[in-house]
Amino acid sequence: MIKLVPINAVKASEYNPRRNDEKRLALTELSLRKLGFLLPIYADETGEILSGHQRHLVAQRMGFTQIPVEFVSGKTLGERRAVNVLFNRATNDLQKQDTCEKIKRRLYDLDISGLTAELPDIEPGSPESYPCVHALRRMDTVLLAKANHRAFDTHIKQLAKSLERKIGSTMPIVIGEGKNVINGIGRLQVAAEAGRKVVPCVQISKEKEAFASAMLNLLSMDFDMKAAYADDLRFNSFMRERNTRETDADGNAALGDGFFKGIFPKNCGRDFCILQGAALEAWKRAYGVSVVDFGAGKLSNTRTLRKAGIHVSAFEPYFVTAGEKVHKEKSLELARQFLDEVEAGTLFSSVFISSVFNSVPFLEDRKQIAVIAAALCYPSGKVVCWCQSDKAPQFVNTKKKYLTAEKTLTFDLDYEPNTILGDLGAHPKVQKGHTEAEMREIFAPCFNQVIRLELISKFWYMEVGKPILDPAALAQALDFEFELPYPDGTTMGLSHRAREAFEHRLGLKLPPPVKKEETV
């Protein structure tokens with residue numbers, strides 16, 4: 001239920017990923033001055049804003065003493081952060097391919113002065129400034145759907161459906177004089193398919209339609225995922241339950257593609273639920289008998305290889321149990337065991353980084369992993385990397401209309417090419433498609449030889465050798481990787497132990513940790 005509350009009854013969250021800029025804040029003020037609050041602000045039960053940060057800020061500047069708010073209850077911090085991202089995408093009627101930069105260009109190409117020249121100002125705080133409260137009406141769903149069904153869109157509908165489920169209510173739909181939807185086409189489609197008789201609507205005059213469409217669908221601040229959501233994207237990189245490996249009748253898991261496609265490109269994982277015979281011998285010739293599974297996920301590949309007699313040291317910072325919950329203690333146990341094996345000095349002939357770079361959210365993070373991998377296989381081993389290319393279907397399909405399931409909702413991010421955000425309503429997760437140049441950039445500083453780099457089934461298969469040992473880079477990488485964040489606000493806390501293990505293994509002394517103030 002939408003309520004008028006004192007403006008200081010709600011407060012901005014600290015994690016909103018939108019970057020304010022004064023040009024668009026000025027447009028937000030113009031929107032409130034000419035249209036009022038067509039949609040409410042959404043906040044949790046403590047008053048923390050989930051959607052509407054910029055309107056709240058601008059309303060304060062304009063002298064509003066009350067604002068329309070709908071309160072959402074029962075959300076943990078992690079759920080609020082996920083819903084915040086979902087609000088930022090699901091409120092606008094945007095296509096999958098509509099990045100912040102694209103809609104900003106469309107907005108700035110409009111003649112805003114011409115759209116608003118004949119629109120009178122609304123006095124802040126007057127009844128007219130709260131149409132989502134005083135002009136809210138229930139409209140016949142079927143009649144609205146018949147008038148607007150040609151604009152229905154599966155992607156927009158799925159976003160609306162996911163948001164509705166997360167907040168437990170339906171946002172109003174903004175319609176014009178002719179019952180044409182200005183904003184909320186996905187919300188209408190959800191209601192129609194659910195068989196609801198009526199939907200909440202705010203109807204505006206024809207003179208306001210074009211400006212309202214621009215403000216509701218194109219006026220959106222840039223995402224700053226790195227600043228506000230970096231930790232979330234890191235610990236949400238875990239392997240999802242739906243990616244569980246296929247097993248044979250005896251429960252043996254299929255081997256992951258990155259562990260065999262380099263020598264058996266035409267085979268599939270189920271061919272190697274048990275690695276044995278000639279295939280095992282070929283595998284040993286290519287990769288050796290002592291390897292690292294870096295980013296081991298649910299340890300399926302580790303177990304399959306160990307059953308074949310391969311010595312495998314496994315590292316997985318985000319081990320996940322049922323319900324997609326990061327099991328921190330198990331993750332730390334795996335990390336400590338891994339560091340013990342590193343310290344023991346076992347020579348690793350191959351270090352596998354298989355399907356890891358797909359979900360590591362930032363380029364600098366991937367480079368840190370490459371540095372650690374070089375130290376693990378130093379002086380004569382190699383690294384095998386398997387990851388999605390920019391030609392993989394999800395990076396192609398996200399740039400066009402495409403039928404998707406709700407759990408695979410994605411949209412393009414701007415901070416790196418071919419980077420998309422998915423799992424919007426639960427655990428927002430980045431997926432990255434790499435180019436050949438990006439693959440070379442990641443490994444060039446820490447390897448002198450590219451043994452092999454080729455595209456296999458839209459994935460990159462890469463082998464690099466002649467590792468370079470850079471103590472300063474390694475110290476920085478260990479301080480990063482073994483202090484990765486966890487959802488409970490803590491970090492792994494094993495950087496000191498990691499330094500000890502690698503120093504003992506390599507017979508060197510690493511530079512001391514860099515103090516935070518020295519990095520500014």
Side-chain angles (χ1 to χ4, degrees), residues 232-248 251-262 268-270 272-273 275 287 291-308 310-339 341-342 348 350-361 365-366 368-370 372-373 376 383-388 392 394 407-408 422-423 426-434 459-462 481-482 484-487 492 494:
D232 296 71
L233 297 181
R234 285 174 176 133
F235 57 64
N236 285 341
S237 63
F238 62 81
M239 181 180 288
R240 300 309 194 243
E241 286 183 312
R242 60 180 176 269
N243 293 331
T244 299
R245 296 281 182 205
E246 182 180 356
T247 58
D248 64 12
N252 299 302
L255 193 60
D257 287 1
F259 289 83
F260 68 83
K261 284 289 186 181
C268 59
R270 72 175 70 92
F272 304 109
C273 289
L275 187 59
Y287 303 122
V291 304
V292 173
D293 185 358
F294 197 99
K298 300 173 184 178
L299 304 185
S300 299
N301 297 308
T302 294
R303 285 189 286 268
T304 299
L305 292 175
R306 285 175 177 171
K307 287 179 181 178
I310 306 298
H311 173 80
V312 184
S313 292
F315 175 65
E316 174 50 59
Y318 298 121
F319 188 83
V320 173
T321 56
E324 301 200 330
K325 180 179 175 62
V326 174
H327 194 313
K328 180 183 174 183
E329 290 309 315
K330 178 64 175 179
S331 302
L332 294 179
E333 178 188 332
L334 290 170
R336 292 189 185 100
Q337 181 179 346
F338 172 70
L339 291 174
E341 293 172 356
V342 168
F348 299 121
S350 298
V351 176
F352 285 88
I353 309 174
S354 180
S355 300
V356 173
F357 285 176
N358 302 346
S359 53
V360 173
D365 295 9
R366 291 170 229 134
Q368 305 280 34
I369 292 173
I372 295 172
L376 287 169
V383 165
V384 179
C385 184
W386 173 265
C387 64
Q388 294 180 93
Q394 62 178 324
K407 286 187 177 180
T408 57
D423 278 8
H427 306 287
K429 179 179 181 177
V430 163
Q431 290 283 279
K432 164 69 180 174
H434 293 77
F459 279 71
W460 287 115
Y461 177 84
M462 187 174 194
E481 188 69 23
F482 290 90
L484 283 170
Y486 284 93
M492 185 178 288
L494 292 177

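Note that these values count all heavy atoms, side chains included, but never hydrogens, waters or copies made by symmetry.
Here the closest heavy-atom approach between residue V383 and residue A373 is recorded as CG2-CB, 3.6 Å. Contact record, L494 with A335: CD1-CB, 3.6 Å, taken as the closest heavy-atom pair. Residues Q431 and S359 come closest through the heavy atom pair NE2-CB, 3.4 Å. Scanning all heavy atoms of the two residues, the minimum distance from A314 to A296 falls at CB-CB, 4.0 Å. Residues C273 and D248 share a closest heavy-atom pair of CB-OD2, 3.6 Å.
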message = Run the ring pair (Phe, Tyr, Trp, His ring centres under 6.0 Å) test on Y486 and Y318 for me, step by step, so that the C-alpha distance in whole Å, both residues' side-chain angles and the decisive distance to 0.1 Å come before the verdict.
response = CA-CA 8 Å; Y486 284 93; Y318 298 121; 5.4 Å; yes
request  = Report the C-alpha distance between V320 and K298 in whole Å, list the side-chain angles of each, state the deciding distance to 0.1 Å, and finish with yes or no for side chain to side chain contact (heavy atoms under 4.5 Å, CB included).
outcome  = CA-CA 7 Å; V320 173; K298 300 173 184 178; 5.6 Å; no
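Here the CD atom belonging to E481 is positioned 8.0 Å from the CG atom belonging to D365, to the nearest 0.5 angstrom. K307 contributes atom NZ, which lies 4.0 Å from atom CG of N252 (distance to the nearest 0.5 angstrom). Interatomic distance, S331 OG to F235 CZ, rounded to the nearest 0.5 Å: 12.5 Å. Considering OG1 of T321 and NE2 of H327, their distance stands at 6.0 Å, rounded to 0.5 Å. Note: E316 CD to F238 CZ = 10.5 Å, rounded to the nearest 0.5 Å. A distance of 6.5 Å separates CZ in F259 from OG1 in T302, rounded to the nearest 0.5 Å.
By the 4.5 Å heavy-atom criterion applied to side chains, L376 and F338 are counted as neighbours. In this structure, the side chains of L255 and L305 come closer than 4.5 Å at one or more pairs of heavy atoms. At a threshold of 4.5 Å between non-hydrogen side-chain atoms, the residues F482 and L339 count as touching. Side chains of K261 and F459 form no contact here, defined as non-hydrogen atoms less than 4.5 Å apart. Taking 4.5 Å as the limit, every side-chain heavy atom of V384 sits out of range of all side-chain heavy atoms of V291.
Taking the six-membered ring wherever Trp is involved, the centroid distance between the rings of F352 and Y287 falls below 6.0 Å.
Just one residue in the list R366, M462, K432 forms a side-chain contact (heavy atoms from CB on, under 4.5 Å) with F357, and that residue is R366.
N236 places a side-chain N or O within 3.5 Å of a backbone atom of P428 that can act as its donor or acceptor partner. Side chain of T304 to main chain of A253: a donor-acceptor pair is present (N/O by atom type, distance under 3.5 Å, no hydrogens or angles). In this structure, N301 contributes its side chain and G256 its backbone to a donor-acceptor pair below 3.5 Å. Judged purely by atom type and a 3.5 angstrom limit, R234 has no side-chain atom pairing as donor or acceptor with the backbone of L484.
Taking the six-membered ring where the residue is Trp, F315 and F294 present tilted rings, their angle falling between 30° and 60°.
In the displayed structure, R270 atom CZ is contacted under 6.0 Å by at most 12 heavy atoms of other residues, nucleotides or ligands.
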